[in-house]
There are 2 protein chains.
Amino acid sequence: MYNQEALVNRLHARGIRVTPQRAMILRAVEAMPGHVTAEELYAAVQAESPYVNLATVYRTLDLLKSLDLITDADMGTGATHYALRSHADHHHAICRACRHSVEFPDHLLSGLIHDLHTGYGFEAEANHIVVFGLCAACAKIEELHSSPA
Amino acid sequence: MYNQEALVNRLHARGIRVTPQRAMILRAVEAMPGHVTAEELYAAVQAESPYVNLATVYRTLDLLKSLDLITDADMGTGATHYALRSHADHHHAICRACRHSVEFPDHLLSGLIHDLHTGYGFEAEANHIVVFGLCAACAKIEELHSSPA
DNA sequence: TTGCAAATGCGAATGATTTGCAGCAAATTG
DNA sequence: CAATTTGCTGCAAATCATTCGCATTTGCAA
(Lines give C-alpha, C1' and ligand atoms only; values in the text may rest on other atoms or scores of the structure.)
Protein backbone atom coordinates (compact mmCIF):
# COMPACT_ATOMS: atom_id res chain seq x y z
CA MET A 1 0.00 0.00 0.00
CA TYR A 2 1.08 3.51 0.62
CA ASN A 3 4.43 4.13 2.12
CA GLN A 4 2.75 5.42 5.27
CA GLU A 5 5.34 8.15 5.15
CA ALA A 6 4.93 9.00 1.51
CA LEU A 7 3.28 12.34 2.13
CA VAL A 8 5.81 13.31 4.76
CA ASN A 9 8.59 12.59 2.31
CA ARG A 10 6.87 14.55 -0.40
CA LEU A 11 6.73 17.58 1.85
CA HIS A 12 10.35 17.23 2.82
CA ALA A 13 11.30 16.96 -0.80
CA ARG A 14 9.60 20.24 -1.50
CA GLY A 15 11.29 21.92 1.41
CA ILE A 16 8.12 22.30 3.40
CA ARG A 17 8.20 22.11 7.15
CA VAL A 18 6.95 18.88 8.60
CA THR A 19 5.77 19.67 12.08
CA PRO A 20 4.54 17.00 14.47
CA GLN A 21 0.95 17.96 13.90
CA ARG A 22 1.41 17.85 10.16
CA ALA A 23 3.07 14.47 10.38
CA MET A 24 0.18 13.14 12.43
CA ILE A 25 -2.39 14.54 10.06
CA LEU A 26 -0.53 13.21 7.06
CA ARG A 27 -0.29 9.75 8.53
CA ALA A 28 -3.96 9.85 9.40
CA VAL A 29 -4.84 10.78 5.84
CA GLU A 30 -2.84 7.86 4.55
CA ALA A 31 -4.18 5.44 7.10
CA MET A 32 -7.85 6.19 6.60
CA PRO A 33 -9.49 4.47 3.69
CA GLY A 34 -11.30 6.33 0.99
CA HIS A 35 -12.88 9.68 1.65
CA VAL A 36 -12.70 11.42 4.95
CA THR A 37 -14.05 14.65 6.32
CA ALA A 38 -11.93 17.15 8.19
CA GLU A 39 -13.86 16.32 11.30
CA GLU A 40 -13.10 12.61 11.00
CA LEU A 41 -9.43 13.30 10.52
CA TYR A 42 -9.52 15.61 13.47
CA ALA A 43 -10.99 12.86 15.62
CA ALA A 44 -8.38 10.38 14.44
CA VAL A 45 -5.54 12.74 15.19
CA GLN A 46 -6.98 13.71 18.55
CA ALA A 47 -6.83 10.09 19.57
CA GLU A 48 -3.09 10.25 19.13
CA SER A 49 -2.56 13.63 20.62
CA PRO A 50 -5.23 15.92 22.02
CA TYR A 51 -3.28 19.04 21.25
CA VAL A 52 -4.01 19.37 17.59
CA ASN A 53 -6.45 21.97 16.50
CA LEU A 54 -9.24 21.58 13.99
CA ALA A 55 -8.05 24.73 12.27
CA THR A 56 -4.68 23.10 11.78
CA VAL A 57 -6.32 20.11 10.19
CA TYR A 58 -8.06 22.41 7.74
CA ARG A 59 -4.87 24.31 7.06
CA THR A 60 -2.93 21.13 6.44
CA LEU A 61 -5.65 19.83 4.18
CA ASP A 62 -5.46 23.06 2.22
CA LEU A 63 -1.73 22.68 1.94
CA LEU A 64 -2.01 19.14 0.64
CA LYS A 65 -4.65 20.21 -1.79
CA SER A 66 -2.52 23.00 -3.15
CA LEU A 67 0.30 20.49 -3.59
CA ASP A 68 -2.07 18.21 -5.47
CA LEU A 69 -1.52 15.38 -3.03
CA ILE A 70 -5.14 15.08 -2.05
CA THR A 71 -8.44 15.82 -3.74
CA ASP A 72 -11.66 17.06 -2.28
CA ALA A 73 -15.21 16.34 -3.25
CA ASP A 74 -18.58 17.58 -2.14
CA MET A 75 -20.61 14.46 -1.60
CA GLY A 76 -23.69 16.46 -0.80
CA THR A 77 -23.55 15.93 2.94
CA GLY A 78 -22.46 19.41 3.84
CA ALA A 79 -18.91 18.46 4.72
CA THR A 80 -16.14 18.24 2.18
CA HIS A 81 -14.62 14.82 1.68
CA TYR A 82 -10.92 14.44 1.16
CA ALA A 83 -8.98 11.56 -0.32
CA LEU A 84 -5.48 10.78 -1.41
CA ARG A 85 -4.85 11.71 -4.95
CA SER A 86 -3.61 8.19 -5.56
CA HIS A 87 -6.90 6.86 -4.33
CA ALA A 88 -8.81 8.86 -6.85
CA ASP A 89 -9.28 6.27 -9.52
CA HIS A 90 -13.03 6.18 -9.32
CA HIS A 91 -16.05 8.44 -9.01
CA HIS A 92 -19.39 8.50 -7.29
CA ALA A 93 -22.97 8.33 -8.31
CA ILE A 94 -25.01 9.32 -5.30
CA CYS A 95 -28.70 8.57 -4.98
CA ARG A 96 -30.61 11.62 -3.87
CA ALA A 97 -33.29 9.48 -2.30
CA CYS A 98 -31.43 6.90 -0.23
CA ARG A 99 -28.12 8.77 -0.14
CA HIS A 100 -26.22 5.65 -1.05
CA SER A 101 -23.32 6.05 -3.35
CA VAL A 102 -22.29 3.82 -6.18
CA GLU A 103 -18.67 3.94 -7.18
CA PHE A 104 -17.91 3.84 -10.83
CA PRO A 105 -14.56 3.54 -12.54
CA ASP A 106 -12.52 6.24 -14.07
CA HIS A 107 -12.90 5.17 -17.64
CA LEU A 108 -16.58 6.06 -17.78
CA LEU A 109 -15.42 9.64 -17.76
CA SER A 110 -12.64 9.30 -20.26
CA GLY A 111 -14.93 10.34 -23.09
CA LEU A 112 -16.00 13.50 -21.32
CA ILE A 113 -12.46 14.38 -20.30
CA HIS A 114 -11.24 13.82 -23.81
CA ASP A 115 -14.00 15.94 -25.32
CA LEU A 116 -13.42 18.76 -22.87
CA HIS A 117 -9.77 18.69 -23.72
CA THR A 118 -9.99 18.61 -27.48
CA GLY A 119 -13.08 20.76 -27.71
CA TYR A 120 -12.35 23.41 -25.10
CA GLY A 121 -8.76 22.99 -24.07
CA PHE A 122 -10.09 22.36 -20.61
CA GLU A 123 -8.04 20.09 -18.35
CA ALA A 124 -10.66 18.44 -16.21
CA GLU A 125 -9.43 17.30 -12.84
CA ALA A 126 -11.81 14.45 -12.82
CA ASN A 127 -10.52 12.81 -9.70
CA HIS A 128 -13.64 12.60 -7.72
CA ILE A 129 -16.59 13.54 -9.79
CA VAL A 130 -19.90 13.27 -8.05
CA VAL A 131 -23.04 12.70 -10.06
CA PHE A 132 -26.41 12.81 -8.37
CA GLY A 133 -29.48 10.94 -9.41
CA LEU A 134 -31.49 7.91 -8.45
CA CYS A 135 -30.20 4.44 -7.88
CA ALA A 136 -32.01 1.52 -9.47
CA ALA A 137 -34.13 0.78 -6.41
CA CYS A 138 -35.20 4.35 -5.73
CA ALA A 139 -35.88 5.01 -9.39
CA LYS A 140 -38.40 2.20 -9.32
CA ILE A 141 -40.10 3.66 -6.29
CA GLU A 142 -40.34 7.12 -7.84
CA GLU A 143 -41.87 5.58 -10.89
CA LEU A 144 -44.66 4.06 -8.86
CA HIS A 145 -45.41 7.37 -7.24
CA SER A 146 -45.70 9.34 -10.41
CA SER A 147 -47.23 6.98 -12.92
CA PRO A 148 -50.74 6.73 -11.45
CA ALA A 149 -51.48 10.32 -12.40
CA MET B 1 -39.31 32.31 -24.00
CA TYR B 2 -40.84 31.06 -20.80
CA ASN B 3 -44.44 31.75 -20.17
CA GLN B 4 -43.49 34.02 -17.27
CA GLU B 5 -46.30 32.32 -15.42
CA ALA B 6 -45.38 28.81 -16.30
CA LEU B 7 -44.22 27.87 -12.84
CA VAL B 8 -47.24 29.44 -11.21
CA ASN B 9 -49.45 27.37 -13.44
CA ARG B 10 -47.54 24.24 -12.66
CA LEU B 11 -48.10 24.77 -8.98
CA HIS B 12 -51.76 25.42 -9.49
CA ALA B 13 -52.01 22.29 -11.56
CA ARG B 14 -50.60 20.28 -8.71
CA GLY B 15 -52.95 21.82 -6.24
CA ILE B 16 -50.26 23.72 -4.39
CA ARG B 17 -51.00 27.09 -2.91
CA VAL B 18 -49.67 30.02 -4.82
CA THR B 19 -49.22 32.80 -2.32
CA PRO B 20 -48.13 36.30 -3.29
CA GLN B 21 -44.60 35.68 -2.09
CA ARG B 22 -44.41 32.44 -3.97
CA ALA B 23 -45.71 34.09 -7.10
CA MET B 24 -43.08 36.80 -6.80
CA ILE B 25 -40.32 34.31 -6.22
CA LEU B 26 -41.49 32.14 -9.07
CA ARG B 27 -41.61 35.06 -11.45
CA ALA B 28 -38.16 36.13 -10.34
CA VAL B 29 -36.80 32.67 -11.01
CA GLU B 30 -38.25 32.76 -14.49
CA ALA B 31 -37.10 36.28 -15.19
CA MET B 32 -33.52 35.85 -14.14
CA PRO B 33 -31.24 34.31 -16.68
CA GLY B 34 -29.20 31.21 -16.02
CA HIS B 35 -28.12 30.33 -12.51
CA VAL B 36 -29.05 32.38 -9.52
CA THR B 37 -28.30 32.17 -5.84
CA ALA B 38 -30.94 32.37 -3.17
CA GLU B 39 -29.51 35.69 -2.13
CA GLU B 40 -29.84 37.14 -5.62
CA LEU B 41 -33.41 36.01 -5.87
CA TYR B 42 -34.06 37.47 -2.47
CA ALA B 43 -32.71 40.83 -3.61
CA ALA B 44 -34.79 40.73 -6.77
CA VAL B 45 -37.95 39.97 -4.87
CA GLN B 46 -37.19 42.58 -2.23
CA ALA B 47 -37.13 45.18 -4.93
CA GLU B 48 -40.73 44.37 -5.66
CA SER B 49 -41.86 43.98 -2.10
CA PRO B 50 -39.72 44.36 0.98
CA TYR B 51 -41.84 42.02 3.03
CA VAL B 52 -40.53 38.74 1.78
CA ASN B 53 -38.24 36.76 3.94
CA LEU B 54 -35.06 35.01 2.91
CA ALA B 55 -36.26 31.88 4.66
CA THR B 56 -39.30 31.90 2.42
CA VAL B 57 -37.09 32.10 -0.63
CA TYR B 58 -35.22 29.04 0.54
CA ARG B 59 -38.42 27.23 1.33
CA THR B 60 -39.86 28.01 -2.07
CA LEU B 61 -36.68 26.93 -3.77
CA ASP B 62 -36.86 23.66 -1.88
CA LEU B 63 -40.43 23.24 -3.00
CA LEU B 64 -39.55 23.83 -6.63
CA LYS B 65 -36.66 21.46 -6.35
CA SER B 66 -38.80 18.71 -4.91
CA LEU B 67 -41.23 19.24 -7.78
CA ASP B 68 -38.36 18.94 -10.24
CA LEU B 69 -39.03 22.36 -11.67
CA ILE B 70 -35.61 23.73 -10.86
CA THR B 71 -32.17 22.25 -10.40
CA ASP B 72 -29.40 23.24 -8.10
CA ALA B 73 -25.66 23.14 -8.57
CA ASP B 74 -22.70 23.88 -6.39
CA MET B 75 -20.50 26.06 -8.52
CA GLY B 76 -17.83 26.16 -5.88
CA THR B 77 -18.60 29.66 -4.67
CA GLY B 78 -20.14 28.67 -1.39
CA ALA B 79 -23.66 29.50 -2.41
CA THR B 80 -25.89 27.07 -4.24
CA HIS B 81 -26.96 28.11 -7.72
CA TYR B 82 -30.45 27.44 -8.93
CA ALA B 83 -31.79 27.30 -12.45
CA LEU B 84 -34.95 26.39 -14.24
CA ARG B 85 -35.04 22.76 -15.15
CA SER B 86 -35.82 23.81 -18.71
CA HIS B 87 -32.66 25.84 -18.75
CA ALA B 88 -30.60 22.83 -17.82
CA ASP B 89 -29.44 21.76 -21.23
CA HIS B 90 -25.80 22.33 -20.55
CA HIS B 91 -23.13 21.85 -17.93
CA HIS B 92 -20.16 23.67 -16.50
CA ALA B 93 -16.45 23.23 -16.51
CA ILE B 94 -15.06 25.63 -13.93
CA CYS B 95 -11.44 26.64 -13.81
CA ARG B 96 -10.07 26.39 -10.32
CA ALA B 97 -7.49 29.04 -11.05
CA CYS B 98 -9.40 31.87 -12.70
CA ARG B 99 -12.84 30.73 -11.59
CA HIS B 100 -14.22 31.20 -15.07
CA SER B 101 -16.72 28.69 -16.24
CA VAL B 102 -16.98 27.14 -19.63
CA GLU B 103 -20.37 25.84 -20.59
CA PHE B 104 -20.47 22.59 -22.44
CA PRO B 105 -23.42 20.89 -24.05
CA ASP B 106 -25.48 18.09 -22.75
CA HIS B 107 -24.37 15.49 -25.20
CA LEU B 108 -20.84 15.29 -23.85
CA LEU B 109 -22.36 13.50 -20.92
CA SER B 110 -24.61 11.17 -22.81
CA GLY B 111 -21.99 8.46 -22.81
CA LEU B 112 -21.58 8.62 -19.06
CA ILE B 113 -25.31 8.71 -18.45
CA HIS B 114 -25.83 5.77 -20.72
CA ASP B 115 -23.08 3.75 -19.07
CA LEU B 116 -24.37 4.50 -15.60
CA HIS B 117 -27.79 3.39 -16.67
CA THR B 118 -26.90 0.16 -18.38
CA GLY B 119 -24.06 -0.72 -16.06
CA TYR B 120 -25.51 0.26 -12.71
CA GLY B 121 -29.18 0.96 -13.21
CA PHE B 122 -28.42 4.45 -12.00
CA GLU B 123 -30.57 7.27 -13.33
CA ALA B 124 -28.20 10.20 -13.38
CA GLU B 125 -29.86 13.57 -13.07
CA ALA B 126 -27.21 15.21 -15.09
CA ASN B 127 -28.89 18.54 -15.39
CA HIS B 128 -26.19 20.73 -14.13
CA ILE B 129 -23.01 18.83 -13.72
CA VAL B 130 -20.04 20.85 -12.58
CA VAL B 131 -16.55 19.67 -13.44
CA PHE B 132 -13.55 21.44 -12.00
CA GLY B 133 -10.16 21.73 -13.59
CA LEU B 134 -8.03 24.19 -15.47
CA CYS B 135 -9.05 26.19 -18.48
CA ALA B 136 -6.72 26.34 -21.45
CA ALA B 137 -5.09 29.60 -20.38
CA CYS B 138 -4.52 28.65 -16.76
CA ALA B 139 -3.30 25.19 -17.71
CA LYS B 140 -0.58 26.84 -19.74
CA ILE B 141 0.45 29.02 -16.83
CA GLU B 142 0.60 26.07 -14.46
CA GLU B 143 2.76 24.25 -16.92
CA LEU B 144 5.30 27.04 -16.93
CA HIS B 145 5.45 27.04 -13.18
CA SER B 146 6.07 23.36 -12.79
CA SER B 147 8.14 22.35 -15.78
CA PRO B 148 11.43 24.08 -14.84
CA ALA B 149 11.89 21.61 -12.00
C1' DT C 1 22.14 32.46 20.21
C1' DT C 2 19.51 35.58 17.91
C1' DG C 3 16.07 36.61 14.69
C1' DC C 4 12.58 36.12 11.51
C1' DA C 5 9.33 33.67 8.87
C1' DA C 6 6.24 30.10 9.17
C1' DA C 7 3.05 27.23 11.94
C1' DT C 8 -0.15 26.65 15.79
C1' DG C 9 -3.91 27.19 19.20
C1' DC C 10 -7.68 29.50 20.64
C1' DG C 11 -11.86 31.55 20.29
C1' DA C 12 -14.54 34.47 17.78
C1' DA C 13 -16.41 35.52 13.20
C1' DT C 14 -18.56 34.23 8.84
C1' DG C 15 -21.86 32.90 5.63
C1' DA C 16 -25.21 29.86 3.82
C1' DT C 17 -28.95 27.45 5.20
C1' DT C 18 -32.48 25.66 8.55
C1' DT C 19 -35.63 25.62 12.29
C1' DG C 20 -38.99 26.67 16.09
C1' DC C 21 -42.68 29.06 16.82
C1' DA C 22 -46.46 32.36 16.95
C1' DG C 23 -49.57 34.72 13.92
C1' DC C 24 -52.33 34.57 9.67
C1' DA C 25 -54.72 33.27 5.59
C1' DA C 26 -56.91 30.11 2.80
C1' DA C 27 -59.42 26.05 2.16
C1' DT C 28 -62.66 22.70 4.12
C1' DT C 29 -66.40 21.23 6.90
C1' DG C 30 -70.77 21.23 8.90
C1' DC D 1 -71.53 31.47 7.22
C1' DA D 2 -68.91 30.28 11.44
C1' DA D 3 -65.76 27.03 13.02
C1' DT D 4 -61.86 24.32 12.33
C1' DT D 5 -58.12 22.46 10.18
C1' DT D 6 -54.14 22.99 7.18
C1' DG D 7 -50.48 25.23 5.42
C1' DC D 8 -47.54 29.58 4.69
C1' DT D 9 -44.92 33.40 6.48
C1' DG D 10 -41.90 36.35 9.17
C1' DC D 11 -38.77 36.65 12.62
C1' DA D 12 -35.07 35.62 15.26
C1' DA D 13 -32.25 32.22 16.95
C1' DA D 14 -29.71 27.99 15.93
C1' DT D 15 -26.56 25.10 13.02
C1' DC D 16 -22.69 23.60 10.82
C1' DA D 17 -18.57 23.68 8.15
C1' DT D 18 -15.00 26.55 7.50
C1' DT D 19 -12.00 30.65 8.12
C1' DC D 20 -9.78 34.52 10.58
C1' DG D 21 -7.32 37.45 13.86
C1' DC D 22 -3.94 37.46 16.76
C1' DA D 23 -0.78 36.26 20.40
C1' DT D 24 2.49 32.58 21.10
C1' DT D 25 5.61 29.02 19.77
C1' DT D 26 8.59 26.65 16.73
C1' DG D 27 11.99 25.61 13.11
C1' DC D 28 15.75 26.65 10.70
C1' DA D 29 19.44 29.95 9.11
C1' DA D 30 22.90 33.24 9.97
Side-chain angles (χ1 to χ4, degrees), chain A residues 7-8 10-29 35-46 48-67 70-83 96 99 130, chain B residues 7-8 11-29 35-46 48-67 70-83 96 130:
Chain A
L7 290 183
V8 168
R10 298 285 266 285
L11 290 214
H12 261 134
R14 305 212 199 189
I16 293 165
R17 260 193 225 171
V18 180
T19 63
Q21 16 304 61
R22 280 186 181 173
M24 280 189 278
I25 295 168
L26 267 42
R27 265 183 272 116
V29 169
H35 327 86
V36 224
T37 65
E39 210 73 41
E40 288 167 341
L41 274 173
Y42 178 55
V45 173
Q46 285 261 311
E48 188 176 342
S49 161
Y51 301 113
V52 176
N53 200 277
L54 180 56
T56 301
V57 173
Y58 275 107
R59 285 189 278 232
T60 303
L61 252 13
D62 268 359
L63 175 71
L64 293 177
K65 205 167 58 180
S66 75
L67 294 174
I70 59 172
T71 60
D72 58 341
D74 174 12
M75 318 272 284
T77 62
T80 305
H81 284 66
Y82 300 87
R96 72 160 150 76
R99 292 275 111 194
V130 176
Chain B
L7 290 183
V8 168
L11 291 214
H12 260 133
R14 305 211 197 190
I16 293 165
R17 263 192 223 171
V18 180
T19 63
Q21 25 291 69
R22 280 187 181 171
M24 281 189 278
I25 295 168
L26 266 41
R27 265 184 272 115
V29 169
H35 327 87
V36 224
T37 65
E39 210 74 40
E40 288 166 342
L41 274 173
Y42 177 55
V45 172
Q46 287 261 310
E48 190 178 340
S49 162
Y51 301 113
V52 175
N53 199 276
L54 179 57
T56 301
V57 173
Y58 276 107
R59 285 188 278 231
T60 303
L61 253 15
D62 269 0
L63 175 70
L64 293 177
K65 205 167 59 178
S66 73
L67 294 174
I70 60 173
T71 59
D72 58 340
D74 173 11
M75 318 272 284
T77 62
T80 305
H81 285 67
Y82 299 86
R96 72 160 149 77
V130 177

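Proteins come first, then strands; the chains are lettered A, B, ... in the order of their sequence lines, and each starts at number 1. Every value quoted in this text rests on a predicted model; they were computed, and no experiment measured them.
Close to dT26(D), at under 4.0 Å from its OP1 or OP2, lies no side-chain N or O of Gln21(A). Phosphate contact (OP1/OP2 of dT26(D), side-chain N/O of Arg17(A), threshold under 4.0 Å): absent. A close approach under 4.0 Å does occur between a side-chain nitrogen or oxygen of Tyr58(B) and OP1 or OP2 of dT17(C). Distances shorter than 4.0 Å separate some side-chain N or O of Thr19(A) from OP1 or OP2 on dT8(C). Between Thr80(A) and dT18(D), a side-chain N or O to OP1/OP2 separation shorter than 4.0 Å is present. For Thr56(A), no side-chain nitrogen or oxygen approaches OP1 or OP2 of dA7(C) to under 4.0 Å.
The distance from atom CG of Leu11(B) to atom P of dA26(C) is 17 Å, rounded to the nearest whole Å. Leu63(B) has its CG atom 13 Å from the P atom of dG7(D), to the nearest Å. Rounded to whole angstrom, the span from the CG atom of Leu54(A) across to the C1' atom of dA13(C) amounts to 15 Å. Counting to the nearest Å, the C1' atom of dA7(C) and the CG atom of Leu64(A) are 14 Å from each other. Regarding Asp72(B), its CG atom lies at a distance of 10 Å from the P atom of dT17(C), rounded to whole Å. Across the protein-nucleic acid pair, Asp62(A) atom CG and dA7(C) atom P stand 13 Å apart, rounded to whole Å. The distance from atom CD of Glu40(B) to atom C1' of dG15(C) is 15 Å, rounded to the nearest whole Å. One interatomic measurement links the two molecules: OH of Tyr42(A) to P of dC10(C), which rounds to 8 Å at whole-angstrom precision.
Closest-nucleotide positions on DNA chain C for His81(B) and Thr60(A) were compared, and the one nearer the 5' end corresponds to Thr60(A).
When each of dT18(D), dA25(C), dT17(C) is scored by its nearest atom to the side-chain atoms of Ala38(B), the top-ranked nucleotide is dT17(C). The side chain of Arg59(B) lies closest to dG10(D), out of dA17(D), dG10(D), dT18(C). Counting only heavy atoms from C-beta on, Asn53(A) has its side chain closest to dG9(C) among dC11(D), dG9(C), dT18(D).
Between Met75(B) and His81(B), the shortest heavy-atom distance links the atoms CG-ND1, 3.2 Å. Nearest heavy-atom pair, Val130(B) versus Ala73(B), reported as atom, atom and distance to 0.1 Å: CG2-CB, 4.2 Å.
Sorted by first and then second residue, the salt bridge (Lys or Arg N to Asp or Glu O under 4.0 Å) pairs with a member in residues 51-64 of chain A read Asp62(A)-Lys65(A); sequence neighbours excluded.
Judged by distance alone, with hydrogens and angles left aside, the side-chain atoms of Arg99(A) form a donor-acceptor pair with the main-chain N or O of Gly76(A) at under 3.5 Å. Although no hydrogens or angles enter the test, the distance criterion places a donor-acceptor pair under 3.5 Å between the side chain of Ser66(B) and the main chain of Leu63(B).
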